[in-house]
Amino acid sequence: MRLALKIDVDTLVGFREGVPALLEVLAAKGVPASFFVAMGPDHSGRAIRRLFTHQGFWQKMRRTGAPRLYGWKTMLYGTLLPGPAIAASAPDLLRRIPAAGHELGLHGFDHVHWQDRLSTLSVALIQKEIRRAQQIHEEIMGYPAISFAAPGWQCTAAALDALVAARFYYVSNTRGRHPYFPALANRVWPLLEIPTTLPTLDEMLGLEGRRAADFTQEVVRVLQPGQTQVLTIHAEVEGRAFLKDFSALLDQATAQGVTWIRLIDYASELWDRWQDVPKQAMAAGTLPGRAGTVTCQVLMETPP
Ligand SMILES: [Zn+2]
């Protein structure tokens with residue numbers, strides 16, 4: 001049984017505080033991971049707009065204690081406070097990620113912009129977002145990133161076009177059960193998609209009274225021999241208030257016999273047998289504990 005850790009870094013506080021803490025825990029346990037960093041400005045405060053547009057936001061704020069998780073300052077970036085640059089605020093910290101043997105990929109340029117506005121963006125505008133993220137990566141690392149994870153699991157046909165044009169080796173944009181090539185209305189994109197297969201801690205917290213320890217139990221319980229699961233964690237959540245729980249998850253999964261794999265290495269295996277990777281549709285769907293919709297793999301069999 002294998003587990004890939006996808007670590008999304010959405011905010012400045014997640015980058016500056018969460019990433020160093022996670023690097024330390026991962027090094028202590030000898031666990032490799034795949035980090036995806038939102039390269040541009042932190043506009044988290046604008047996510048407060050979702051408060052007015054998505055049902056269940058307040059409920060979730062209360063349940064997860066979002067102000068405690070993210071800090072009030074983060075919740076004002078891009079509204080009352082200007083949005084600070086994330087990656088460029090600490091180039092040495094960004095370089096420490098691959099130097100420690102982890103994968104570093106792009107989590108977009110402006111996370112909130114992608115998450116809230118993707119459905120209205122043309123291919124050209126999405127290409128601009130990707131280019132701006134890639135530019136920052138190249139300036140700091142000296143080479144382009146080869147992997148991309150869509151902010152907020154939001155993906156559209158236009159985004160697929162833009163990501164194919166940007167020649168990523170693979171992407172991790174959606175929620176689903178196993179890797180696939182996205183296909184919609186008689187089109188197949190030559191873009192290997194490795195979806196997040198497990199629920200996230202922030203979705204599960206408080207659902208039916210669940211605590212972080214219950215989440216860990218559930219994750220460890222679903223791991224099956226012969227399967228590769230993808231768990232997304234958030235640097236601002238598991239790297240801060242829930243660091244001890246994350247560390248316990250690593251220990252329990254390792255004790256259970258898990259092999260840790262980076263997404264990039266999983267992608268390389270999949271490309272070796274790409275003919276076996278199915279072509280499947282994606283569609284907006286809802287998930288327990290998450291406000292709004294995310295893009296999901298459509299698992300229904302195609303009718304004959
Ligand atoms: Zn994110």
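Both counts, for ligands and for their atoms, begin at 1 and track the order of listing. Counting from 1, the numbers follow the sequence of the chain as shown.
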On the 0 to 90° scale, with breaks at 30° and 60°, tag the [X]-[Y] ring pair as parallel, tilted or perpendicular.
X: Phe148; Y: Phe168; answer: tilted
X: Tyr143; Y: His137; answer: perpendicular
X: Trp271; Y: Tyr169; answer: tilted

Any N/O/S atom, backbone or side chain, of His234 lying under 2.8 Å from the Zn ion (ligand 1)? no

Checklist entry - Is the distance from the Zn ion (ligand 1) to the nearest N/O/S atom of Asp8 under 2.8 Å? => result no

Closer than 4.0 angstrom, basic N to acidic O: yes or no for Arg2 and Glu269? yes

Closest to the Zn ion (ligand 1), among the N/O/S atoms of Asp10, is atom OD1

His107 NE2 to His111 NE2 via the Zn ion (ligand 1), rounded to 10°, gives 90°

